[in-house]
A.B. asks: 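One structure, pasted below without further comment.
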Amino acid sequence: MGWLLSLPFFLLLTAASSLEEDVPHSSCSSKFMDELRLLNDSSGLHLTLHHPRSRCSPAPFPNLTFSTILSHDEARVRSLTARLTKTESLPVSPLLRPAAVSIPLSPGASTGVGNYVTQIGLGKPAKSYVMVVDTGSSLSWLQCSPCRIYCHDQVGSVFDPAASATYRPVSCSESECNSLESATLNPSACSLDDVCIYQASYGDRSFSVGYLSKDVLSLGSGQRFAGFVYGCGQDNEGLFGRSAGLIGLARNKLSLLSQLAPSLGYSFSYCLSTAASTGYLSIGSYNAGQFSYTPMQSSSLDNSLYFVRLTSITVGGRGLPVSSSAFTGTPTIIDSGTVITRLPSNVYAALSSAIAAALREYPRQPAYSILDTCFRGSLSRLAVPAVAMVFQGGATLRLAPRNVMIDVDGSTTCLAFAPARRVAIIGNKQQETFSVVYDVGRSRIGFAAGGCG
C-alpha cells in the first residue's frame with residue numbers, strides 16, 4: 001500500500017498530453033509548457049504539476065481553513081507512527097465477506113489533500129482519470145464500475161472494465177497477487193471466481209478494496225505501457241477528494257515507478273510549485289549535473305519509503321546548538337504529501353529558539369494549531385533569517401523565507417516546522433520550488449534550487 005496522505009496542501013498534477021481532454025484547461029498550462037521544454041534534454045516522461053489552490057487545478061479541492069489543513073497533516077503523522085508500530089487495525093470491507101475471510105486492514109497514513117493529482121489514461125480505448133500521486137504508496141488503484149459496495153464522487157466517469165478490450169483480472173495464483181502484502185501491508189484474499197482481492201488501507205480509516213487487475217496505461221503524449229498492474233476498486237471510502245484513485249511511487253515492485261522502470265529508468269523528479277505557478281513531475285532520465293545528492297538510507301521500519309539523513313541545520317549561517325546525534329538518532333523520511341516538516345524534538349526546540357531570537361523585534365502571537373512559534377504580521381514584513389538544511393554528503397536545501405515561515409491568517413505568521421514523534425519528515429513546504437530527484441537505481445536523492453515558481 002504505501003503511505004497515502006491526509007487532507008493538507010493537495011498539490012495537483014495533470015499530464016501535459018492529449019489525455020487532458022476531460023480536464024479543464026487554463027492559460028497556466030500553456031505558460032508552463034515553455035518552461036517544461038527546458039527539461040527535455042532528457043528522454044524521461046514529463047508531466048505538469050499544479051498546486052491545489054491554483055486556478056489551473058484539474059480537480060478543484062474544497063476550500064479548507066488552514067487549521068483544518070494542519071489537523072489533517074497531523075493525522076497523517078499520527079497514522080504513520082501507528083503503521084510502523086502496528087498499533088491499530090481497521091474494519092473489514094463487505095467485499096471480503098463473500099470469500100469467507102475476515103482480515104482486519106492494517107493502518108497506513110491518511111489520504112487527501114497532501115498529495116499530487118495526475119491525469120492518466122487507462123484501457124483500450126484509453127479514457128482519462130485524475131489520480132492522486134503519492135511517493136509513499138506502492139499499489140495503484142482506481143474506482144471501477146459496477147462499484148459493488150461504494151464509490152465516492154470523482155471528476156469524470158468511473159472506469160468501466162467491460163469497456164476496455166485489454167482489461168483482465170489477476171488470478172489468485174499469479175505472482176502479483178502473492179506480492180500484494182509487501183505493497184499494501186495487508187494480506188490478499190481470493191474471490192469465489194479465483195480473482196485476487198487487494199486491500200489498501202490508510203490511517204484515517206480511508207480504504208480501497210477491489211480486484212487486482214491489468215490493463216494498458218497511457219501517460220504523457222500517448223506513451224503506452226501494457227500489462228500495468230493496479231487495483232480495480234469496488235469499495236472506496238474516505239478522504240480521496242474528487243480523484244478517481246491513487247498512483248504509487250514508492251520503492252516496491254508493484255508501484256508505478258517500478259513497473260515503468262524497465263522502459264524509462266528507475267528514477268523520478270519533481271518540483272512542487274506555489275499556488276501562483278506550476279511545477280512538474282518527470283519519470284525516467286534527468287539532468288544529473290544540476291543536482292547535489294544525499295544517499296538514500298535503508299531502514300527496517302519500511303523499506304519502501306524514502307529515508308535520508310539530515311545532519312545539521314543552520315540559521316543565519318550558524319549551526320543549531322545540538323549534538324549530531326540529535327539529528328541522526330531519529331529516522332528521517334522525505335515525503336511529497338506531508339505539509340509541515342517534523343524535526344526531532346530537541347532539534348525543533350533549538351530551531352524555534354533561534355528563529356524567535358532572530359525575530360525578537362516582532363510581537364509574538366499565540367500558537368496556531370500544531371505551530372507554536374508565531375508572530376504578528378505577514379511573512380512579507382518579517383526579516384526572516386537564512387535557514388539551511390544539510391544532509392549527508394553535503395546536499396543542502398537553502399530555504400527562502402516562504403520555505404521557513406507560513407502565513408496562517410491575515411495577521412499571523414508561524415514557523416513552518418513542528419516536533420516529530422518517532423520519525424522525522426521533510427515536508428512539502430520546505431521542498432517548495434526546489435527540484436527533487438529520487439534516483440532509486442543509484443540510491444540517491446538530489447536537490448536543485450529554482451526548479452519552479
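These numbers come from a predicted model, not from an experiment.
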A.B. asks: Could you verify whether a donor N or O on one side chain and an acceptor N or O on the other, from Y167 and D160, lie under 3.5 Å apart?
C.D. replies: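 Distance-only check fails for Y167 and D160.
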A.B. asks: Hey, what do you get for CG (L351) to CG (L343), rounding to the nearest 0.5 Å?
C.D. replies: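 Here the rounded value is 6.5 Å.
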A.B. asks: Mind running side-chain contact (heavy atoms from CB on, under 4.5 Å) on I247 and V132 for me, showing each step along the way?
C.D. replies: CA-CA 6 Å; I247 288 288; V132 168; over 6 Å; no
A.B. asks: So, F207 versus W141, ring centres under 6.0 angstrom or not?
C.D. replies: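 Aromatic pair excluded; centres sit 6.0 Å or further apart.
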A.B. asks: What's the verdict on side-chain hydrogen bond (donor to acceptor under 3.5 Å, both in side chains) for D302 and S304, showing C-alpha distance, side-chain angles and the deciding distance?
C.D. replies: CA-CA 6 Å; D302 190 325; S304 71; 2.6 Å; yes
A.B. asks: How close do S352 and D372 get, counting heavy atoms only, and between which atoms?
C.D. replies: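 For S352 versus D372, the nearest heavy atoms are OG-OD1, 4.4 Å.
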A.B. asks: Please report the shortest heavy-atom distance between D215 and G123, naming the atom on each side.
C.D. replies: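 Reported closest heavy-atom pair: OD1-CA, 3.4 Å.
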A.B. asks: Taking the six-membered ring for Trp, are F447 and Y293 closer than 6.0 Å centroid to centroid?
C.D. replies: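 So the answer is no for these two rings.
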A.B. asks: If the threshold is 4.0 Å, N to carboxylate O, is there a salt bridge linking D407 and R402?
C.D. replies: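 No, no charged N to carboxylate O under 4.0 Å.
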A.B. asks: Closer than 3.5 angstrom, by distance alone: can the side chain of N428 be matched with the main-chain N or O of S336 as a donor-acceptor pair?
C.D. replies: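 Present.
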A.B. asks: If I compare all heavy atoms of S208 with all of G233, which pair ends up nearest, and what's the gap?
C.D. replies: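 Scanning both residues, the minimum pair turns out to be OG-CA, 4.0 Å.
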A.B. asks: Does R168, at its CZ atom, have more than 12 non-hydrogen atoms belonging to other residues, nucleotides or ligands within less than 6.0 Å?
C.D. replies: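 Correct, the count exceeds 12.
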A.B. asks: Salt bridge check, R444 against D439: does any charged N sit closer than 4.0 Å to a carboxylate O?
C.D. replies: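 Yes, D439 and R444 are salt-bridged.
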A.B. asks: Measure the spacing between CG of L281 and OG of S269 and express it to the nearest 0.5 Å.
C.D. replies: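 Reported to 0.5 Å precision, the distance equals 7.0 Å.
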A.B. asks: So, D193 side chain and V195 main chain: donor-acceptor pair closer than 3.5 Å or not?
C.D. replies: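 No, because the side chain of D193 does not come within donor-acceptor range (under 3.5 Å) of the backbone of V195.
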A.B. asks: For a side-chain contact (heavy atoms from CB on, under 4.5 Å) check, start with the C-alpha distance between L217 and I120, then their side-chain angles and the critical distance, and finish with the verdict.
C.D. replies: CA-CA 7 Å; L217 174 70; I120 68 167; 3.8 Å; yes
A.B. asks: If we count only N and O atoms by modelled type, under 3.5 Å, do the side chains of K429 and T341 hold a donor and an acceptor together?
C.D. replies: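 No.
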A.B. asks: Report yes if the side chains of R251 and L305 come closer than 4.5 Å at any heavy-atom pair, otherwise no.
C.D. replies: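 Sidechains of L305 and R251: no contact.
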A.B. asks: For the pair T184 (side chain) and A200 (backbone), establish whether a donor and an acceptor sit closer than 3.5 Å, ignoring hydrogens and angles.
C.D. replies: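 No; zero donor-acceptor contacts below 3.5 Å.
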A.B. asks: Could you tell me whether the side chain of N252 and the main chain of S182 form a donor-acceptor pair under 3.5 Å?
C.D. replies: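 Side chain of N252 to backbone of S182, a donor-acceptor pair under 3.5 Å: yes, one is there.
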A.B. asks: Assess the side chains of N178 and S188: does a donor N or O sit below 3.5 Å from an acceptor N or O?
C.D. replies: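 S188 and N178 do not have a side-chain donor-acceptor pair below 3.5 Å.
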A.B. asks: Taking the side chain as everything from C-beta on, heavy atoms only, tell me whether T311 gets closer than 4.5 Å to R309.
C.D. replies: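 Yes, side chains in contact.
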A.B. asks: So Y150 and N236, side-chain contact (heavy atoms from CB on, under 4.5 Å) or not? Walk me through it.
C.D. replies: CA-CA 6 Å; Y150 179 77; N236 316 290; 5.6 Å; no
A.B. asks: A side-chain contact here means heavy atoms from C-beta on lying under 4.5 Å apart; do S206 and F240 qualify?
C.D. replies: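 The answer is yes, as the side chains (C-beta and beyond) meet within the 4.5 Å cut-off.
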A.B. asks: Please check if any side-chain donor atom of S71 sits under 3.5 Å from a side-chain acceptor atom of E74, or the reverse.
C.D. replies: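 Absent: no donor and acceptor within the cut-off.
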A.B. asks: Counting N and O atoms only, with roles assigned by atom type, does the side chain of Q259 sit under 3.5 Å from a partner on the main chain of L256, one being a donor and the other an acceptor?
C.D. replies: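 Flag not set: sc Q259 to bb L256 has no pair under 3.5 Å.
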A.B. asks: Can you confirm whether the side chains of S258 and Y266 place a donor and an acceptor under 3.5 Å from each other?
C.D. replies: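 The answer is yes; a qualifying pair exists.
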A.B. asks: Between S369 (side chain only) and L371 (backbone N and O only), is there a donor and an acceptor less than 3.5 Å apart?
C.D. replies: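 Side chain of S369 to backbone of L371: no pair is present.
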A.B. asks: Indicate the atoms forming the closest heavy-atom contact of Q431 with D335, along with that distance.
C.D. replies: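 Heavy atoms of Q431 and D335 come nearest at NE2-O, 2.8 Å.
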A.B. asks: Test side-chain contact (heavy atoms from CB on, under 4.5 Å) on L122 and V216; report intermediate values, then the result.
C.D. replies: CA-CA 6 Å; L122 191 67; V216 175; over 6 Å; no
A.B. asks: Kindly say whether P161 contributes a backbone atom to a donor-acceptor pair with the side chain of S164 at under 3.5 angstrom?
C.D. replies: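 No, the answer is negative, given that no donor and acceptor are paired below the 3.5 Å cut-off.
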A.B. asks: Is there a side-chain contact between V423 and L301 (heavy atoms, below 4.5 Å)?
C.D. replies: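 Yes, their side chains come closer than 4.5 Å.
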A.B. asks: For N186 and S201, test the side chains for any donor-to-acceptor distance below 3.5 angstrom and give the result as yes or no.
C.D. replies: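 Yes, S201 and N186 have a side-chain donor paired with an acceptor closer than 3.5 Å.
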A.B. asks: Do you know which two heavy atoms are closest between E432 and N403, and how far apart they sit?
C.D. replies: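 That closest heavy-atom pairing would be O-ND2, 3.1 Å.
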A.B. asks: Quick check: Y348 with F417 (ring centres under 6.0 Å apart)?
C.D. replies: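 Centroid separation for F417 and Y348: 6.0 Å or greater.
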A.B. asks: Should the SG of C190 and the SG of C196 be checked, would they turn out to be under 2.5 Å apart?
C.D. replies: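 Between C196 and C190 there is no disulfide, given that their SG atoms are not under 2.5 Å apart.
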A.B. asks: Return yes if some donor-acceptor pair links the side-chain N/O of Q430 with the main-chain N/O of A416 below 3.5 Å, else return no.
C.D. replies: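 Here the side-chain-to-backbone pair exists.
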A.B. asks: Under 3.5 Å, is there a donor on one side chain and an acceptor on the other for Q297 and Q392?
C.D. replies: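 Yes, Q392 and Q297 have a side-chain donor paired with an acceptor closer than 3.5 Å.
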A.B. asks: With a 3.5 Å distance limit and no angle check, can you tell me whether S213 reaches the backbone of Y211 through a side-chain donor-acceptor pair?
C.D. replies: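 Side chain of S213 to backbone of Y211: a pair is present.
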A.B. asks: Is there a side-chain contact between L415 and I406, using heavy atoms and a 4.5 Å cut-off?
C.D. replies: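 Answer no - side chains too far apart.
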A.B. asks: When rounded to the nearest 0.5 angstrom, what distance separates OG1 in T413 from OH in Y368?
C.D. replies: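 The distance works out to 11.5 Å.
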A.B. asks: Just verifying a value: how many Å separate L219 CG and I283 CD1, rounded to the nearest 0.5 Å?
C.D. replies: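 Interatomic distance, L219 CG to I283 CD1, rounded to 0.5 Å: 6.0 Å.
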A.B. asks: Decide yes or no for F159 and Y230: does some side-chain heavy atom of the first lie under 4.5 Å from some side-chain heavy atom of the second?
C.D. replies: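 The answer is yes, as the side chains (C-beta and beyond) meet within the 4.5 Å cut-off.
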A.B. asks: For C452 and C271: C-alpha separation, side-chain torsions, deciding distance, then whether disulfide bond (SG atoms under 2.5 Å apart) applies.
C.D. replies: CA-CA 6 Å; C452 57; C271 183; 2.0 Å; yes
A.B. asks: For Y270 and T135: C-alpha separation, side-chain torsions, deciding distance, then whether side-chain hydrogen bond (donor to acceptor under 3.5 Å, both in side chains) applies.
C.D. replies: CA-CA 11 Å; Y270 59 62; T135 59; 5.4 Å; no
A.B. asks: Does the gap between the ring centers of F291 and Y286 come in under 6.0 Å?
C.D. replies: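 Under 6.0 Å, so yes.
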A.B. asks: Between atom CD1 of I426 and atom OG1 of T332, what is the distance when rounded to the nearest 0.5 Å?
C.D. replies: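 These two atoms lie 6.0 Å from each other.
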A.B. asks: Calculate, to the nearest 0.5 Å, the distance between atoms CD1 and OG belonging to I445 and S292 respectively.
C.D. replies: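 Atom-to-atom, I445:CD1 and S292:OG are 12.0 Å apart.
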A.B. asks: Is E176 salt-bridged to K214, cutoff N-O under 4.0 Å?
C.D. replies: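 Yes.
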A.B. asks: Could you pull out the closest heavy-atom pair between G284 and S267, with the gap in Å?
C.D. replies: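 Here G284 and S267 meet closest at O-OG, 2.7 Å.
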A.B. asks: Counting distance only, does the side-chain N/O of R342 pair as donor-acceptor with the main-chain N or O of I340 below 3.5 Å?
C.D. replies: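 Yes; judged by distance alone, with no hydrogens or angles, the pair exists.
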A.B. asks: side-chain hydrogen bond (donor to acceptor under 3.5 Å, both in side chains), that's the test. Do H152 and E237 meet it? Break it down for me.
C.D. replies: CA-CA 7 Å; H152 60 263; E237 304 184 36; over 6 Å; no
A.B. asks: Can you check whether L139 reaches L180 side chain to side chain, under 4.5 Å on heavy atoms?
C.D. replies: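 Heavy-atom side-chain distance check passes, below 4.5 Å.
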A.B. asks: Are Y306 and M296 close enough that some pair of their side-chain heavy atoms sits under 4.5 Å apart?
C.D. replies: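 Yes. Closest side-chain heavy atoms under 4.5 Å.
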A.B. asks: Run the side-chain hydrogen bond (donor to acceptor under 3.5 Å, both in side chains) test on Y280 and S435 for me, step by step, so that the C-alpha distance in whole Å, both residues' side-chain angles and the decisive distance to 0.1 Å come before the verdict.
C.D. replies: CA-CA 9 Å; Y280 69 85; S435 289; 2.7 Å; yes
